[in-house]
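One structure is given below, encoded as C-alpha coordinates.
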Amino acid sequence: MATVVEVPKLGNTVEECIVATWRKRKGDVVAAGEVVAEIETDKATFELPAPVAGTLLETFFEEGALVPVFTNLFVIGEPGESVESFRPQSSGPPVAAPVARTPEPGAVPVAAQTPRSANYSPRARRFADEHHFHPGALAGSGPNGRVLEEDVRRAWHDLGGAGRQPAADFPPAKAGKSVSTIRERIAHRMRESLATTAQYTLNASADATALLAVRAKLKAANSSININDLITFCTIKALLDAPDLNAEYIDGRIHRHSEVNVGFAVDTPRGLIVPVIRNAHELNLEELSRQARSLTAAAQQGSISPDHLSGATFTISNLGALGIENFTPLLNPPQVAILGVGAITVKPVRRDSQIAFTDTIGLSLTCDHQAIDGAPGARFLQVLRQKIESVEALCTI
(Lines give C-alpha, C1' and ligand atoms only; values in the text may rest on other atoms or scores of the structure.)
Protein backbone atom coordinates (compact mmCIF):
# COMPACT_ATOMS: atom_id res chain seq x y z
CA MET A 1 0.00 0.00 0.00
CA ALA A 2 1.39 3.38 -1.03
CA THR A 3 2.36 5.88 1.68
CA VAL A 4 2.17 9.61 1.05
CA VAL A 5 4.38 12.13 2.84
CA GLU A 6 3.23 15.72 3.41
CA VAL A 7 5.18 18.91 3.97
CA PRO A 8 5.18 19.05 7.79
CA LYS A 9 4.08 21.98 9.92
CA LEU A 10 7.45 23.21 11.20
CA GLY A 11 6.32 25.59 13.91
CA ASN A 12 3.36 27.87 14.49
CA THR A 13 4.61 30.62 12.17
CA VAL A 14 5.53 28.47 9.14
CA GLU A 15 2.90 28.22 6.41
CA GLU A 16 5.05 27.09 3.46
CA CYS A 17 8.46 25.59 2.74
CA ILE A 18 10.84 25.45 -0.19
CA VAL A 19 11.90 22.10 -1.61
CA ALA A 20 15.63 22.64 -1.30
CA THR A 21 17.05 19.30 -2.47
CA TRP A 22 15.80 15.91 -3.50
CA ARG A 23 18.20 13.37 -1.99
CA LYS A 24 16.34 10.58 -3.78
CA ARG A 25 14.78 10.50 -7.22
CA LYS A 26 11.67 8.90 -8.63
CA GLY A 27 12.23 5.15 -8.95
CA ASP A 28 14.88 4.94 -6.20
CA VAL A 29 14.56 2.31 -3.51
CA VAL A 30 14.61 3.87 -0.03
CA ALA A 31 14.89 2.43 3.45
CA ALA A 32 12.73 3.50 6.36
CA GLY A 33 14.33 6.56 7.98
CA GLU A 34 16.46 7.38 4.93
CA VAL A 35 16.41 11.06 3.99
CA VAL A 36 14.40 11.68 0.84
CA ALA A 37 14.36 15.49 0.69
CA GLU A 38 15.58 18.66 2.36
CA ILE A 39 13.08 21.46 2.85
CA GLU A 40 13.78 25.03 3.93
CA THR A 41 11.90 27.65 5.88
CA ASP A 42 13.20 31.22 5.95
CA LYS A 43 15.34 30.33 8.98
CA ALA A 44 16.43 26.69 8.86
CA THR A 45 16.78 23.58 6.71
CA PHE A 46 15.15 20.28 7.68
CA GLU A 47 15.61 16.72 6.48
CA LEU A 48 12.50 14.76 5.51
CA PRO A 49 12.95 10.99 6.02
CA ALA A 50 11.01 8.12 4.52
CA PRO A 51 8.47 6.77 7.05
CA VAL A 52 8.53 3.32 5.42
CA ALA A 53 10.75 1.28 3.14
CA GLY A 54 9.84 0.99 -0.53
CA THR A 55 10.23 2.65 -3.92
CA LEU A 56 9.93 6.40 -4.40
CA LEU A 57 6.96 6.31 -6.77
CA GLU A 58 6.52 10.05 -7.34
CA THR A 59 7.77 13.48 -6.30
CA PHE A 60 5.18 16.17 -6.85
CA PHE A 61 7.33 19.31 -6.87
CA GLU A 62 10.60 20.45 -8.40
CA GLU A 63 13.54 21.74 -6.39
CA GLY A 64 12.96 25.39 -5.59
CA ALA A 65 9.18 25.08 -5.44
CA LEU A 66 7.39 26.86 -2.59
CA VAL A 67 4.93 24.38 -1.11
CA PRO A 68 2.24 25.00 1.56
CA VAL A 69 2.40 22.88 4.71
CA PHE A 70 0.27 19.71 4.78
CA THR A 71 0.59 19.39 1.00
CA ASN A 72 1.49 15.97 -0.40
CA LEU A 73 5.16 15.98 -1.38
CA PHE A 74 6.09 12.42 -2.36
CA VAL A 75 4.79 8.85 -2.35
CA ILE A 76 6.53 5.61 -1.38
CA GLY A 77 5.13 2.19 -2.26
CA GLU A 78 5.48 -0.82 -4.51
CA PRO A 79 6.35 -0.43 -8.21
CA GLY A 80 3.23 -0.18 -10.34
CA GLU A 81 0.98 1.34 -7.69
CA SER A 82 -1.05 4.35 -8.77
CA VAL A 83 -0.25 7.71 -7.21
CA GLU A 84 -2.91 9.81 -8.95
CA SER A 85 -5.18 9.92 -5.92
CA PHE A 86 -2.33 11.53 -3.96
CA ARG A 87 -1.37 14.15 -6.53
CA PRO A 88 -2.01 17.64 -5.12
CA GLN A 89 -4.08 19.82 -7.41
CA SER A 90 -1.77 22.76 -6.80
CA SER A 91 1.36 20.92 -7.85
CA GLY A 92 0.71 21.24 -11.55
CA PRO A 93 3.00 19.84 -14.22
CA PRO A 94 6.76 19.81 -13.68
CA VAL A 95 8.44 23.09 -14.59
CA ALA A 96 9.76 22.83 -18.12
CA ALA A 97 13.42 23.43 -18.78
CA PRO A 98 14.13 26.62 -20.74
CA VAL A 99 14.50 26.31 -24.49
CA ALA A 100 18.15 26.42 -25.54
CA ARG A 101 19.09 29.51 -27.49
CA THR A 102 22.18 31.38 -28.55
CA PRO A 103 23.10 33.80 -25.75
CA GLU A 104 23.50 37.46 -26.48
CA PRO A 105 27.03 38.86 -26.14
CA GLY A 106 27.90 39.29 -22.48
CA ALA A 107 24.87 37.37 -21.22
CA VAL A 108 25.19 34.51 -18.76
CA PRO A 109 24.14 31.28 -20.55
CA VAL A 110 20.93 29.75 -19.25
CA ALA A 111 22.69 26.42 -18.87
CA ALA A 112 25.14 28.03 -16.45
CA GLN A 113 22.38 29.26 -14.17
CA THR A 114 21.52 27.46 -10.96
CA PRO A 115 18.90 24.70 -11.05
CA ARG A 116 16.34 26.93 -9.38
CA SER A 117 16.48 29.45 -12.23
CA ALA A 118 14.44 26.91 -14.18
CA ASN A 119 11.52 28.12 -12.04
CA TYR A 120 11.83 31.64 -13.48
CA SER A 121 9.08 32.91 -15.76
CA PRO A 122 10.22 33.82 -19.31
CA ARG A 123 9.96 37.55 -18.53
CA ALA A 124 11.89 37.10 -15.27
CA ARG A 125 14.63 35.19 -17.11
CA ARG A 126 14.78 37.83 -19.84
CA PHE A 127 15.13 40.64 -17.25
CA ALA A 128 17.89 38.67 -15.48
CA ASP A 129 19.78 38.10 -18.74
CA GLU A 130 19.43 41.69 -19.92
CA HIS A 131 20.75 43.04 -16.61
CA HIS A 132 23.42 40.35 -16.15
CA PHE A 133 21.79 39.58 -12.80
CA HIS A 134 21.60 35.95 -11.68
CA PRO A 135 21.21 35.86 -7.89
CA GLY A 136 20.44 32.14 -7.68
CA ALA A 137 17.56 31.18 -5.41
CA LEU A 138 14.71 33.66 -5.11
CA ALA A 139 11.42 33.12 -3.32
CA GLY A 140 8.97 33.73 -6.15
CA SER A 141 5.52 35.26 -5.69
CA GLY A 142 3.94 33.35 -8.56
CA PRO A 143 2.07 30.02 -8.51
CA ASN A 144 4.06 27.18 -6.91
CA GLY A 145 6.85 29.64 -6.07
CA ARG A 146 7.30 30.72 -9.69
CA VAL A 147 9.77 33.62 -9.86
CA LEU A 148 8.15 36.52 -11.71
CA GLU A 149 9.78 39.52 -13.35
CA GLU A 150 8.80 41.76 -10.44
CA ASP A 151 10.57 39.39 -8.00
CA VAL A 152 13.84 39.63 -9.94
CA ARG A 153 13.44 43.37 -10.47
CA ARG A 154 12.87 43.90 -6.71
CA ALA A 155 15.95 41.83 -5.82
CA TRP A 156 18.01 43.74 -8.40
CA HIS A 157 17.01 47.08 -6.87
CA ASP A 158 17.54 45.81 -3.30
CA LEU A 159 21.11 44.82 -4.17
CA GLY A 160 21.88 48.24 -5.60
CA GLY A 161 21.55 47.26 -9.25
CA ALA A 162 19.38 50.17 -10.39
CA GLY A 163 21.18 52.16 -13.03
CA ARG A 164 24.29 49.98 -12.99
CA GLN A 165 25.73 48.66 -16.23
CA PRO A 166 28.30 45.89 -16.55
CA ALA A 167 31.83 47.11 -17.25
CA ALA A 168 32.60 46.68 -20.94
CA ASP A 169 36.28 46.01 -20.34
CA PHE A 170 35.65 42.90 -18.25
CA PRO A 171 34.35 39.49 -19.27
CA PRO A 172 30.88 38.54 -18.03
CA ALA A 173 30.82 37.09 -14.53
CA LYS A 174 30.36 33.39 -14.16
CA ALA A 175 27.13 32.17 -12.60
CA GLY A 176 27.63 32.07 -8.85
CA LYS A 177 26.74 29.47 -6.30
CA SER A 178 23.04 29.28 -5.50
CA VAL A 179 22.14 31.38 -2.48
CA SER A 180 20.19 29.46 0.15
CA THR A 181 16.90 30.73 1.53
CA ILE A 182 18.61 31.29 4.87
CA ARG A 183 21.37 33.35 3.22
CA GLU A 184 18.73 35.37 1.37
CA ARG A 185 16.90 35.96 4.62
CA ILE A 186 20.10 37.07 6.40
CA ALA A 187 20.92 39.47 3.56
CA HIS A 188 17.43 40.92 3.60
CA ARG A 189 17.40 41.33 7.38
CA MET A 190 20.78 43.06 7.41
CA ARG A 191 19.74 45.54 4.72
CA GLU A 192 16.47 46.12 6.54
CA SER A 193 18.34 46.63 9.82
CA LEU A 194 20.51 49.41 8.43
CA ALA A 195 17.71 51.00 6.40
CA THR A 196 15.11 51.26 9.17
CA THR A 197 17.19 52.13 12.26
CA ALA A 198 19.63 54.80 13.47
CA GLN A 199 22.41 52.62 14.83
CA TYR A 200 25.33 53.61 17.03
CA THR A 201 27.79 51.42 18.92
CA LEU A 202 29.37 51.92 22.34
CA ASN A 203 32.54 50.00 23.21
CA ALA A 204 33.65 49.20 26.74
CA SER A 205 35.48 46.50 28.65
CA ALA A 206 35.07 44.73 31.98
CA ASP A 207 37.57 43.16 34.35
CA ALA A 208 37.35 39.44 33.63
CA THR A 209 39.24 38.25 36.72
CA ALA A 210 36.11 37.07 38.56
CA LEU A 211 34.72 35.61 35.36
CA LEU A 212 37.77 33.43 34.84
CA ALA A 213 37.83 32.42 38.51
CA VAL A 214 34.21 31.23 38.38
CA ARG A 215 34.85 29.35 35.14
CA ALA A 216 37.87 27.61 36.73
CA LYS A 217 35.72 26.46 39.66
CA LEU A 218 33.02 25.18 37.34
CA LYS A 219 35.55 23.35 35.20
CA ALA A 220 37.06 21.71 38.30
CA ALA A 221 33.56 20.53 39.21
CA ASN A 222 33.14 19.03 35.70
CA SER A 223 30.45 21.57 34.84
CA SER A 224 29.77 22.35 31.18
CA ILE A 225 28.86 25.97 31.97
CA ASN A 226 31.14 28.18 29.89
CA ILE A 227 32.14 31.84 29.66
CA ASN A 228 29.36 32.58 27.20
CA ASP A 229 26.77 31.19 29.64
CA LEU A 230 28.16 33.40 32.38
CA ILE A 231 28.07 36.50 30.17
CA THR A 232 24.50 35.71 29.10
CA PHE A 233 23.47 35.25 32.73
CA CYS A 234 25.02 38.60 33.68
CA THR A 235 23.35 40.29 30.70
CA ILE A 236 19.92 39.01 31.71
CA LYS A 237 20.44 40.38 35.24
CA ALA A 238 21.59 43.71 33.78
CA LEU A 239 18.48 43.94 31.61
CA LEU A 240 16.30 43.51 34.69
CA ASP A 241 18.09 46.50 36.26
CA ALA A 242 18.13 48.51 33.01
CA PRO A 243 14.85 47.54 31.30
CA ASP A 244 14.95 50.34 28.71
CA LEU A 245 17.10 48.12 26.50
CA ASN A 246 14.80 45.11 26.80
CA ALA A 247 12.40 46.62 24.32
CA GLU A 248 11.23 46.88 20.72
CA TYR A 249 10.60 49.93 18.56
CA ILE A 250 7.50 49.36 16.43
CA ASP A 251 5.62 51.94 14.36
CA GLY A 252 7.16 54.85 16.22
CA ARG A 253 6.43 53.46 19.67
CA ILE A 254 8.68 51.84 22.25
CA HIS A 255 7.37 48.59 23.71
CA ARG A 256 9.22 47.58 26.88
CA HIS A 257 9.07 43.96 28.00
CA SER A 258 8.93 42.59 31.52
CA GLU A 259 10.10 39.16 30.36
CA VAL A 260 13.61 38.66 28.99
CA ASN A 261 13.64 36.50 25.86
CA VAL A 262 17.30 36.40 24.95
CA GLY A 263 18.47 35.53 21.45
CA PHE A 264 22.04 34.41 20.83
CA ALA A 265 23.84 34.20 17.51
CA VAL A 266 24.97 30.72 16.40
CA ASP A 267 27.31 30.08 13.47
CA THR A 268 26.02 27.08 11.50
CA PRO A 269 26.96 25.44 8.17
CA ARG A 270 23.82 27.06 6.72
CA GLY A 271 24.58 30.55 8.01
CA LEU A 272 23.81 32.69 11.03
CA ILE A 273 20.89 31.48 13.15
CA VAL A 274 19.60 33.13 16.34
CA PRO A 275 17.86 30.73 18.74
CA VAL A 276 15.81 32.27 21.53
CA ILE A 277 15.68 31.31 25.20
CA ARG A 278 12.27 32.42 26.40
CA ASN A 279 11.69 33.75 29.91
CA ALA A 280 15.42 33.54 30.50
CA HIS A 281 15.09 35.72 33.60
CA GLU A 282 13.33 32.83 35.35
CA LEU A 283 16.22 30.38 34.81
CA ASN A 284 19.17 29.70 37.06
CA LEU A 285 22.64 29.46 35.55
CA GLU A 286 22.57 25.71 35.03
CA GLU A 287 19.12 25.79 33.39
CA LEU A 288 20.22 28.63 31.14
CA SER A 289 23.35 26.75 30.08
CA ARG A 290 21.39 23.57 29.40
CA GLN A 291 18.89 25.35 27.16
CA ALA A 292 21.65 27.20 25.31
CA ARG A 293 23.50 23.94 24.57
CA SER A 294 20.34 22.22 23.39
CA LEU A 295 19.29 25.05 21.08
CA THR A 296 22.83 25.47 19.72
CA ALA A 297 23.04 21.77 18.84
CA ALA A 298 19.62 21.85 17.15
CA ALA A 299 20.58 24.97 15.16
CA GLN A 300 23.86 23.46 13.96
CA GLN A 301 22.18 20.17 13.03
CA GLY A 302 19.38 21.96 11.15
CA SER A 303 16.66 20.45 13.32
CA ILE A 304 15.66 23.49 15.35
CA SER A 305 11.98 24.41 15.34
CA PRO A 306 11.10 27.82 13.86
CA ASP A 307 9.22 28.48 17.11
CA HIS A 308 12.63 28.67 18.81
CA LEU A 309 13.88 31.27 16.32
CA SER A 310 11.52 34.14 17.06
CA GLY A 311 10.34 36.31 19.92
CA ALA A 312 13.69 37.63 21.21
CA THR A 313 13.60 40.92 23.12
CA PHE A 314 17.42 41.29 23.20
CA THR A 315 20.25 39.57 21.31
CA ILE A 316 23.84 38.62 22.17
CA SER A 317 26.55 37.92 19.58
CA ASN A 318 29.84 36.49 20.87
CA LEU A 319 32.91 36.50 18.61
CA GLY A 320 35.40 36.24 21.44
CA ALA A 321 36.28 32.65 20.63
CA LEU A 322 37.55 33.87 17.24
CA GLY A 323 39.88 36.42 18.83
CA ILE A 324 37.77 39.50 18.05
CA GLU A 325 38.14 42.13 20.77
CA ASN A 326 35.47 44.63 19.66
CA PHE A 327 33.07 44.79 16.72
CA THR A 328 29.84 46.43 15.57
CA PRO A 329 26.93 44.01 15.90
CA LEU A 330 23.93 44.90 13.73
CA LEU A 331 20.52 45.28 15.30
CA ASN A 332 17.79 42.72 14.81
CA PRO A 333 14.75 45.05 14.39
CA PRO A 334 12.45 45.76 16.04
CA GLN A 335 14.79 45.11 19.01
CA VAL A 336 16.42 48.33 20.20
CA ALA A 337 19.78 46.87 21.26
CA ILE A 338 22.24 44.03 20.70
CA LEU A 339 25.36 43.14 22.69
CA GLY A 340 28.60 42.08 21.04
CA VAL A 341 31.01 40.12 23.26
CA GLY A 342 34.70 40.09 22.44
CA ALA A 343 37.73 38.10 23.49
CA ILE A 344 39.36 38.14 26.91
CA THR A 345 42.72 39.88 26.58
CA VAL A 346 45.36 41.20 28.98
CA LYS A 347 45.44 44.99 29.15
CA PRO A 348 47.20 47.57 31.33
CA VAL A 349 45.01 49.36 33.89
CA ARG A 350 45.79 52.04 36.48
CA ARG A 351 45.38 50.95 40.11
CA ASP A 352 46.45 53.15 43.04
CA SER A 353 48.73 55.21 40.78
CA GLN A 354 50.31 52.00 39.51
CA ILE A 355 49.99 50.22 36.20
CA ALA A 356 48.80 46.62 36.45
CA PHE A 357 47.99 44.06 33.78
CA THR A 358 44.50 42.59 34.02
CA ASP A 359 42.34 40.19 32.04
CA THR A 360 39.53 42.19 30.40
CA ILE A 361 36.64 41.28 28.15
CA GLY A 362 35.42 43.50 25.31
CA LEU A 363 31.78 44.63 25.22
CA SER A 364 30.17 46.32 22.20
CA LEU A 365 26.60 47.60 22.50
CA THR A 366 24.68 48.68 19.39
CA CYS A 367 21.48 50.65 20.01
CA ASP A 368 18.76 52.22 17.89
CA HIS A 369 19.02 55.98 18.51
CA GLN A 370 15.32 56.26 17.63
CA ALA A 371 14.55 54.59 20.96
CA ILE A 372 17.73 54.64 23.06
CA ASP A 373 19.94 57.69 23.62
CA GLY A 374 23.65 57.37 24.30
CA ALA A 375 23.40 57.85 28.08
CA PRO A 376 20.96 54.96 28.72
CA GLY A 377 23.12 52.74 26.54
CA ALA A 378 26.22 53.73 28.48
CA ARG A 379 24.45 53.15 31.81
CA PHE A 380 23.48 49.65 30.70
CA LEU A 381 27.13 48.89 29.96
CA GLN A 382 28.04 50.20 33.42
CA VAL A 383 25.48 47.87 35.02
CA LEU A 384 26.64 44.95 32.91
CA ARG A 385 30.27 45.60 33.79
CA GLN A 386 29.35 45.54 37.50
CA LYS A 387 27.50 42.24 37.05
CA ILE A 388 30.46 40.66 35.27
CA GLU A 389 32.99 41.88 37.81
CA SER A 390 30.86 40.51 40.68
CA VAL A 391 29.72 37.36 38.87
CA GLU A 392 30.86 35.08 41.69
CA ALA A 393 28.35 36.59 44.11
CA LEU A 394 25.72 36.80 41.37
CA CYS A 395 25.93 33.09 40.64
CA THR A 396 26.31 32.10 44.33
CA ILE A 397 29.13 29.69 43.47
Side-chain angles (χ1 to χ4, degrees), residues 3-11 14-76 83 86-88 90-98 110-120 134-140 142-147 151 175-187 267-273 298-306 309:
T3 300
V4 65
V5 175
E6 299 177 335
V7 175
K9 177 75 169 176
L10 297 168
V14 177
E15 297 299 331
E16 54 194 8
C17 299
I18 286 180
V19 181
T21 305
W22 284 108
R23 295 271 200 91
K24 298 292 182 179
R25 299 293 175 179
K26 180 179 177 179
D28 288 351
V29 175
V30 296
E34 194 171 7
V35 177
V36 175
E38 292 181 2
I39 56 177
E40 290 184 359
T41 67
D42 62 349
K43 295 180 179 178
T45 301
F46 301 86
E47 295 179 338
L48 207 55
V52 297
T55 299
L56 185 57
L57 300 178
E58 187 62 89
T59 58
F60 295 122
F61 295 91
E62 299 288 330
E63 290 182 353
L66 191 64
V67 186
V69 298
F70 303 131
T71 301
N72 292 348
L73 188 59
F74 62 86
V75 179
I76 295 175
V83 300
F86 300 112
R87 188 179 299 278
S90 61
S91 68
V95 178
V110 172
Q113 298 174 26
T114 62
R116 291 184 192 174
S117 65
N119 201 31
Y120 282 33
H134 298 280
L138 285 179
N144 302 319
R146 187 79 156 169
V147 177
D151 299 321
K177 181 180 179 182
S178 176
V179 179
S180 71
T181 305
I182 299 173
R183 187 71 260 167
E184 274 190 46
R185 180 64 175 171
I186 293 171
D267 182 29
T268 79
R270 298 173 178 86
L272 176 68
I273 293 180
Q300 291 175 338
Q301 294 164 8
S303 61
I304 191 168
S305 167
L309 298 173

Separation between CG (N72) and CZ (R87), nearest 0.5 Å, reads 10.5 Å
Can you tell me how far CD1 of I273 sits from CG of L309, rounded to the nearest 0.5 angstrom? 6.5 Å
Sorted by first residue and then second, give each salt bridge (charged side-chain N to carboxylate O under 4.0 Å, His left out) pair with at least one member in residues 67-76; sequence neighbours left out. none
Looking at every heavy atom in both K9 and F70, which two are closest together, and how far apart are they? CB-CZ, 3.4 Å
Considering residues at least two apart in sequence or located in another chain, which fulfil the side-chain contact (heavy atoms from CB on, under 4.5 Å) criterion with V67? V7, V19, F61, A65, T71
Taking side-chain hydrogen bond (donor to acceptor under 3.5 Å, both in side chains) as the definition, give me every residue that meets it alongside E6, ordered by chain and number, with sequence neighbours left out. none
I need the minimum non-hydrogen distance between I76 and P51, along with the two atoms involved. CD1-CD, 4.3 Å
Which residue in the set L57, T55, L56 passes side chain to side chain contact (heavy atoms under 4.5 Å, CB included) when paired with V75? L57
P8: which residues meet the side-chain contact (heavy atoms from CB on, under 4.5 Å) condition with it, sequence neighbours left out? L10, I39, L48
The criterion is side-chain hydrogen bond (donor to acceptor under 3.5 Å, both in side chains); which residues satisfy it with Q300, sequence neighbours excluded? none
Scan residues 45-55 for pairs that pass salt bridge (charged side-chain N to carboxylate O under 4.0 Å, His left out), counting only residues two or more places apart or in two chains. R23-E47
Which pairs would a plain distance check flag for residues 26-33, meaning a side-chain donor or acceptor within less than 3.5 Å of a matching protein atom at least two apart in sequence or in another chain?
{"residue": "K26", "atom": "NZ", "partner": "E58", "partner atom": "OE1", "Å": "3.3"}
{"residue": "D28", "atom": "OD2", "partner": "R25", "partner atom": "N", "Å": "2.8"}

In Å, rounded to the nearest 0.5 Å, how long is the span from CG of L73 to OG1 of T59? 8.0 Å
Shortest non-hydrogen contact between V36 and A50, atoms and distance: CG2-CB, 3.8 Å
What are the two closest heavy atoms between W22 and F74, and how far apart are they? CZ3-CD2, 3.7 Å
